[in-house]
Amino acid sequence: MLTPSLTSTATFQALETHAVDAEDWQMRGLFGADPQRFERLSVEAAGLFLDYSKNRLDGRTLDMLAALARERGVEARRDAMFAGEKINLTEQRAVLHTALRAPRDLALTVDGQDVAADVHAVLRRVHAFSDAVRSGAWQGYTGKPITDIVNIGIGGSDLGPKMVCLSLRQYAHPRLRMHFVSNVDGHDIDAALQQVNPETTLFIIASKTFTTAETMMNAQAARAWFLQSASEAELSRHFVAVSTNVEAIKTFGIDPQNMFPFWDWVGGRYSVWSAIGLPVALAVGYGYFADFLAGAHAMDLHFKEAPFEQNMPVILALVGFWNRQFLGCTSVSIAPYHQDLNRFPAYLQQLDMESNGKRVTRAGLPVDTPTCPVIWGDTGTNGQHAYFQLLHQGTDVTPIDFIAVLRPAHELENQHAALLANCFAQSEAFMKGKTQDEVRIDLQQQGLSLAEIENLAPHKTFPGNRPSNTILMDYLNPFNLGSLIALYEHKTFVQGVIWDVNSFDQWGVELGKVLAKRIEAELTGTPAPSEHDSSTNGLIARARAAD
Ligand code: G6Q
């Protein structure tokens, strides 16, 4: 059945009317009118606490948004995803990253395959292999333990394991250094190879398709580099693959025994829970990898079972939808106040923008509302000394997700208090702003003249009323990190259902995979091409001339 267009529904129209009323709302006033606002507009689940009270909405807004989510079929679509239905319509695939972190007793078959049996068979291999490498039982061709692991992959085969390894660095094995090579730019692999020794390096070639040009080029470069010191027979101790394509890994020369499989129902950006997470298991050990999966599973259960009004991913999605649709916010900034989460914004960028950066509905009709905002950000407090200026006083309103960890992994208590103070102070400032009158009083107290005060006041005024969420966790540990990622996965899913887009294909990415091929040939071949526009021809000519 065709999903009705979003704007044609009565609930959406009621929200539009409500949004007109809400235009004048000031958050200062909303907090003043309701001493319980923080308690009312916050929720706790699976190791995470979400405060969404600093948004320009009230309880009624949320009730209406929850009604919209129900009307758009979020419950049925969620259940279809968990049940392994082929909800990725354009590729006719199931979407089962939730099965990758489910317990062994999950009863689910896809195309006649017992999903839990397959998942847990691979997990057992990941367990055994990571134990062997970490203990030193797995040795390089000269009998030495592995010291360096180079993951070669891009996009979903890079961003997840890289971000998680960085985030969990406190849990990492002291002997194992992790390197991530993704870019086709030879400087990337070159920099990694300069730091490692072929005798003690393990390469993981991570590619779902095993055809991605960047990964294949980097893998060939690594292989050639390795063979300068060792023989082909020794490749098997130093090269393993994570892929769905067994034929291609054999052609590359990797022993199928050294291949960790996954399945077409795992999307690249949802794959860190699969064998694509092998670098994580190697770095932190299988026990912590299992905790990471358990955290995500805990969030899955919460997402499946909690009523929408107390459902953290649903709430995060609804608040984001409100800000996008009715406050016209075109981007969302992610601000983790934890240095080890510094790749988290980049990870979310792919998760959200690749999933919901779409302009047609599942039925192929143009969407009638804006879809995914731009996702970007960096760690606090660094961002405060750079782009926060625009967030406070620029002409666009950009909602912010603050992410903070209450207990540090270091013992520098004062620094941690300073970090948290900054995080909370920023969200307060975005909400409250500073009126011209407040600025004037401040300046008077500083003893400025009337003329100086009048000159400075407009510049020092902050509009405030700018929305933010704050997510807290006790520790940045594997369980909480798993839960945090799953929270955003499900948030993305819910928004995709509301917009009625297919969140699980990525034709824009596929385009990139073919576009460069022709020009690559033209850069090196003869004669020079002339069939492009004058700009592209000119750029190619300059590159050829530089040879
Ligand atoms: C993710 C995308 C994309 C993909 C990469 C790598 O959802 O599909 O980022 O992960 O293009 O693809 P391979 O793993 O097939 O090399």
Side-chain angles (χ1 to χ4, degrees), residues 81 87-98 100 122 150-164 180-185 188-189 203-223 239-249 251-252 254 259-280 343-358 372 375 485-486 488-493 495-496 501-517:
M81 174 172 73
I87 61 167
N88 176 356
L89 294 175
T90 59
E91 297 178 297
Q92 273 305 303
R93 288 179 183 166
V95 174
L96 272 176
H97 43 283
T98 51
L100 297 166
V122 175
V150 181
N151 189 78
I152 298 179
I154 195 165
S157 300
D158 167 71
L159 287 160
K162 182 170 168 179
M163 181 275 285
V164 175
F180 290 86
V181 172
S182 52
N183 201 331
V184 74
D185 178 351
D188 200 3
I189 182 100
F203 291 94
I204 301 173
I205 315 300
S207 176
K208 180 173 169 180
T209 54
F210 227 77
T211 56
T212 305
E214 292 92 330
T215 302
M216 292 303 107
M217 278 191 159
N218 281 324
Q220 290 295 354
R223 187 177 192 274
F239 281 77
V240 301
V242 181
S243 188
T244 58
N245 188 346
V246 69
E247 287 313 313
I249 70 112
T251 310
F252 180 86
I254 289 180
M259 170 173 154
F260 297 84
F262 61 115
W263 307 273
D264 73 355
W265 43 260
V266 184
R269 56 195 171 277
Y270 299 90
S271 64
V272 67
W273 322 100
S274 71
I276 288 288
L278 183 62
V280 179
R343 293 294 297 167
F344 192 65
Y347 177 82
L348 281 194
Q349 215 161 40
Q350 181 190 32
L351 173 63
D352 217 339
M353 291 164 70
E354 204 169 271
S355 297
N356 288 339
K358 308 285 164 67
C372 189
I375 307 291
I485 300 171
Y488 276 98
E489 285 178 349
H490 296 321
K491 179 221 93 158
T492 301
F493 172 81
Q495 290 186 337
V501 297
N502 180 0
S503 301
F504 300 104
D505 58 12
Q506 55 283 316
W507 299 107
V509 176
E510 307 305 328
L511 175 71
K513 292 189 179 186
V514 294
L515 271 187
K517 286 216 176 342

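Just so it is clear, the values below take in all heavy atoms, side chains as well, and ignore hydrogens, waters and symmetry mates. Read the numbers this way: they start at 1 and go in the same order the structure lists the ligands and their atoms.
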Any donor and acceptor pair, going by atom type alone, linking the side chain of [X] with main-chain N or O of [Y] inside 3.5 Å?
X	Y	result
R223	F252	yes
E214	N183	no
S243	N245	yes
D158	A206	no
K358	G496	no
K517	A213	no

Ligand 1 to [X] polar contact by distance, N or O atoms, under 3.5 Å:
X	result
T215	no
E354	yes
G267	no

Requested in this report: Could you tell me whether Y270 and F493 have their ring centroids closer than 6.0 angstrom?
Outcome: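 No, too far apart.
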Nearest protein heavy atom with distance in Å, relative to [atom]:
atom	result
atom 4 (C) of ligand 1	G156 N, 3.8 Å
atom 15 (O) of ligand 1	T209 OG1, 2.6 Å
atom 5 (C) of ligand 1	I154 O, 3.5 Å

Report task. Answer with side chain, backbone, both or neither: which part of Q506 has a heavy atom less than 4.0 angstrom from an atom of ligand 1? Result ->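 For Q506, the contact with ligand 1 is made by the side chain alone.
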Query raised in the report: Is it true that Q350 lies under 4.0 Å from ligand 1, counting heavy atoms only?
Result: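 Checking ligand 1 against Q350, which is what was asked, there is a heavy-atom contact under 4.0 Å.
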Requested in this report: Within a distance under 4.0 Å of any heavy atom of R269, pick out the atoms of ligand 1 and give their elements.
Outcome: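 Here the atoms of ligand 1 in question are 1 (C), 7 (O).
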Query raised in the report: Relative to the heavy atoms of T212, which atoms of ligand 1 are at a distance of less than 4.0 Å?
Result: 12 (O), 13 (P), 15 (O), 16 (O)
